[in-house]
Each structure stands twice: as structure tokens, then as C-alpha cells.
A.B. asks: 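One structure, as C-alpha cells, below. Some questions next.
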Amino acid sequence: MDKELSSIHYDQYLQLQKILDAQKLRSVEFKKPAHDEMLFIIVHQVYELWFKEILHDIGSVMNLFSEGSVEESDIGIAISRLDRIVKIQKILVDQIDIIETITPLDFLDFRNYLLPASGFQSFQFRQLEVSLGLKRERRISYTQCSYSGVFSDEEQKILDGLEAGDSMFDLVEKWLERTPFLQFEKFDFLEEYQKSVNLMHDREEDDINKADYISEQEKQFRINMLAETDTYFKSIFDVGIHNQKLENGELKLSYKATISALLINLYRDEPLLRQPFMFLQKLIDMDELLTTWRNRHAQMVLRTLGQKIGTGGSSGYDYLKKTAEQHRVFYDLHNISTLLIPRSFLPELPIELKEKLNFSFSKKH
Ligand code: HEM
């Protein structure tokens, strides 16, 4: 062993005394011991520890993406860190099963001692939301005060700093905007894609018209539905429509970044796009699991409190349910699926571009 290194005991290394000494039951302090308060505290503490690890990992991924360009090997690292976060999030969702072992009546034994403490005051949770890219103006608010008003001045400054800087969403958007290959020599991705979309729609309309097992009325209905899906495609063919949607808050991802994300999704089988595709998938997984947690937490709150207001002063279930719908950050990445077309309609890439997207040692080309 290195001479400079001193040995350390398990207990010391993990500072267990501090951690194990940190469960102070208010119900005991007020001489009305409530058995389940121990679990309530421990579950929250475990959450906060996991939040700490998630922030540690997400911060490192943001660092990798904050340089002007991202190395291929760094995308691999980012994928594994996000994958770890996703696995932790699954545990965060599962832990709600444990908190639900506290029945509503047992919760009432100590609820009053918590006032006005609430998960609403979890600084790490807010750090996570802001780091991912949840903007102040998109937040559901239930009081006149800002969401950060419950924190100390120092903590508010940290949140302000995070909001002013690039979030994970901003960094991913910039990275997508730098994606090459949208225009490669004579190959214009968007132009070719538009031809394929038109072809696909003509074919679908044709198939509906030719089908002899459905009535004329049903045919017309289906053709109208087809025209409606067309509107999803319109904004990808018209930067003006896209920007309009950005302005009115329907979309968040810039036009160029959206096209790049589409290209990566459509040509994910090309070796060079495989990693970027996996990376986008991990972001979607994270976003989905955070929404799952929000829904699961809201459901648990309904079961525990019914329509009672929360200790933090919100309407409780109704407020939480709305956050699950509106606090999603990478919604536009989920929505890329609307724009996907079957592989059989994919525009063929010029051989030179295919070579560029392949690893140089591949024998196929
Ligand atoms: C019996 C268990 C729980 C109940 C009844 C409960 C209830 C609530 C309520 C009513 C709110 C809305 C704010 C308010 O008015 O207080 C809230 C927010 C929150 N709770 Fe819980 N909670 C429970 C467990 C947990 C656990 C285990 C965590 C894990 C850290 C947690 C994290 C949060 C967070 C982060 C928020 C803020 C959500 C947002 O504003 O989007 N809660 N909780």
C-alpha cells in the first residue's frame, strides 16, 4: 500500500455516524411517537441521496457537452452515465411502493408535526429540473411567489445561475444543430425526405381508395384523418410554421436541431449515427421516468391525502398531476416518432455519404 495513504475504517469512510444519527422523529420530540415516521424520514433521505448522485452524473454529462464539439468517445461516456441515471430513476419510482405502506390514517399520526415542510422545498429536486431545462415560465405555480422563494438567498442564487446558463436541453440542442450530413454534396436530406413522405401519403391514400372491404363514408373518414397527420409534417417542411410554434410554446426544439434529431432517428442503423441515437433514447428514457415518478407520486398523494391540501400549501393531487403533464423537458424528442417513415420509404443515401457514416474498417463498402 502507498506509504502516504492511511487506512480507514468502513464506518469512518461512509461517515455512518452522521447518516445514522440523522433520523430525528418530530413525533418523538413532541412525545407522541408515531411508528411510521421513521420510514417517512428514511425514504426521503434515500431519495435525496439518489438525487445527489443523479446531479453528479448529469453535471458530468453537461460538462462533456459544454465544449464546442463532442468527441465520439464522450458520447459513449454520456450514454453510460445517463443509463445509470435511468436505472436509479426506476428505483425512485419503485420506492413509492414502500412509502405507500404508510396508510393514510398512520400518516395523520405525524403529519401535523411536518408543517410547513414539503417536498416542494427539495433544493436538489429543483436543481435537477432546472439543469435538465425546465424554464421558470413553464412552471405550474400555485402561489403568487416564485418556486424558488422557499429557499435561502444562497440557494436562490445557485438556481438563478443554473437558469441563466445552458441546461441539458440547451446543450443537446446546440449539439444537434452541429450535426453534419444534413446537406452532403448533392444530397439534401430534407428534400429527399419530403419526396418520400409525399410518396408514402399517396400510397396510403391509394390503398384506402382501393380497399373494397370498407364503405365510401369510412374511406373518406380515413382520408381526412390522413390529411390531419399531414399537419404534423408541415412544420418540418416549413421553418416559418416551426418558428411560429416555437413562439407560441407548442415546440421547444429549434428547427435545425429537430431535423438533425429526425435524421439520426431515421438513419440510426448507420454505424456513426448509432451512438447519437442511443444518446437521444436515454434522454427520452429519463424524461419518461421523471414523468412516471411525477404521476406515481401524485397517485400516492391522492391515496394518502385525498383532496387535502399539501403541507407546502398546494392543492396537492391536482397541482402534482398538472406538473406531470407540463414539466416534461424533452417532449420534442418524443414527438420525432410522428415524423418517422417506414424503412422501405427511406431515401437511399449516396454511396459516399454511406461510407462516411460507416466505420473505416468495414468491408461492406
Ligand atoms: C406520504 C408521502 C408523501 C406525501 C403525502 C406527499 C405529498 C406531497 C404534496 C401534497 C406535494 C405538493 C406540494 C405541497 O403542497 O406540499 C408534494 C410535492 C413534492 N413531493 Fe411529496 N409527498 C410524499 C412523499 C414524497 C417523497 C418520498 C418524496 C421524495 C423526495 C417527495 C418529493 C416531493 C417533491 C420533489 C415535490 C415537489 C413536486 C413539484 O413541485 O413538482 N414526496 N408532495
Side-chain angles (χ1 to χ4, degrees), residues 22-23 25-27 34-55 58 85 88-151 155-156 159 163 286-287 289-329:
Q23 294 73 37
L25 276 60
R26 297 259 295 172
S27 61
H35 177 84
D36 285 1
E37 193 184 351
M38 179 66 91
L39 177 72
F40 187 79
I41 293 177
I42 289 180
V43 171
H44 278 84
Q45 287 175 339
V46 171
Y47 265 102
E48 290 292 339
L49 285 174
W50 281 130
F51 289 161
K52 185 164 185 176
E53 178 60 39
I54 292 177
L55 286 169
I58 205 83
I85 294 177
I88 295 173
Q89 283 181 293
K90 287 184 181 163
I91 299 227
L92 297 188
V93 173
D94 278 353
Q95 277 187 172
I96 293 188
D97 284 347
I98 303 178
I99 200 102
E100 273 180 348
T101 63
I102 304 177
T103 66
L105 204 59
D106 291 330
F107 184 50
L108 289 179
D109 283 345
F110 60 92
R111 183 175 190 245
N112 274 352
Y113 302 125
L114 312 178
L115 281 160
S118 159
F120 197 77
Q121 294 149 8
S122 167
F123 179 61
Q124 293 199 106
F125 188 74
R126 296 302 178 219
Q127 269 183 302
L128 177 61
E129 288 181 328
V130 177
S131 300
L132 289 177
L134 180 59
K135 298 279 177 247
R136 195 174 278 257
E137 59 275 12
R138 285 188 85 93
R139 282 186 184 275
I140 308 272
S141 67
Y142 66 81
T143 58
Q144 300 300 325
C145 312
S146 138
Y147 79 97
S148 58
V150 294
F151 301 114
E155 286 170 330
Q156 289 194 33
L159 289 175
E163 284 189 10
M286 257 175 54
D287 212 39
L289 276 158
L290 192 51
T291 308
T292 305
W293 182 83
R294 287 186 198 279
N295 275 317
R296 193 67 188 78
H297 172 261
Q299 212 51 52
M300 178 269 291
V301 166
L302 178 65
R303 172 188 177 139
T304 311
L305 298 180
Q307 298 297 328
K308 286 192 184 84
I309 60 163
T311 44
S314 80
S315 59
Y317 172 74
D318 286 341
Y319 159 73
L320 293 167
K321 193 78 194 128
K322 280 194 201 125
T323 64
E325 277 162 25
Q326 214 170 295
H327 287 183
R328 203 182 262 266
V329 172

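Predicted model, so just to flag it, every value in this text is computed and none were measured. Sequential numbering from 1 along the given sequence is applied to the chain's residues. Indexing begins at 1, ligand by ligand and atom by atom, following the structure's order.
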A.B. asks: Measure R126 to ligand 1 on non-hydrogen atoms and call it side chain, backbone, both or neither using the 4.0 Å cut-off.
C.D. replies: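 Side chain only.
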
A.B. asks: Taking the non-hydrogen atoms of R111, is any one of them nearer than 4.0 angstrom to ligand 1?
C.D. replies: no

A.B. asks: Please state whether F40 comes within less than 4.0 angstrom of ligand 1, counting heavy atoms only.
C.D. replies: yes

A.B. asks: Pick one of side chain, backbone, both or neither for how I102 approaches ligand 1, counting any non-hydrogen atom pair under 4.0 Å.
C.D. replies: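 Neither part.
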
A.B. asks: Quick check: do N112 and R26 have side-chain heavy atoms less than 4.5 Å from each other?
C.D. replies: no

A.B. asks: For D94, enumerate each residue passing the side chain to side chain contact (heavy atoms under 4.5 Å, CB included) test, keeping only those at least two apart in sequence or located in another chain.
C.D. replies: none

A.B. asks: Does G312 reach ligand 1 with a nitrogen or oxygen that is under 3.5 Å from one of the ligand's nitrogen or oxygen atoms?
C.D. replies: yes

A.B. asks: Would you call K322 and E325 a salt bridge, taking side-chain N to carboxylate O under 4.0 Å as the test?
C.D. replies: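 Judged by the 4.0 Å cut-off on N to carboxylate O distance, K322 and E325 do not form a salt bridge.
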
A.B. asks: Cation-pi between R126 and F120: NZ/CZ under 6.0 Å from ring centre and within 45° of the ring axis?
C.D. replies: yes

A.B. asks: With side chains defined as the heavy atoms from C-beta onward, is the minimum distance between D36 and D109 less than 4.5 Å?
C.D. replies: no

A.B. asks: Answer yes or no for W293: is there a heavy-atom contact with ligand 1 below 4.0 Å?
C.D. replies: yes

A.B. asks: Given S315, S314, S122, which one has a non-hydrogen atom that is nearest to atom 14 (C) of ligand 1?
C.D. replies: S314

A.B. asks: How does F107 reach ligand 1, by side chain, by backbone, by both or by neither, if only non-hydrogen atoms under 4.0 Å count?
C.D. replies: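 The answer is the side chain.
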
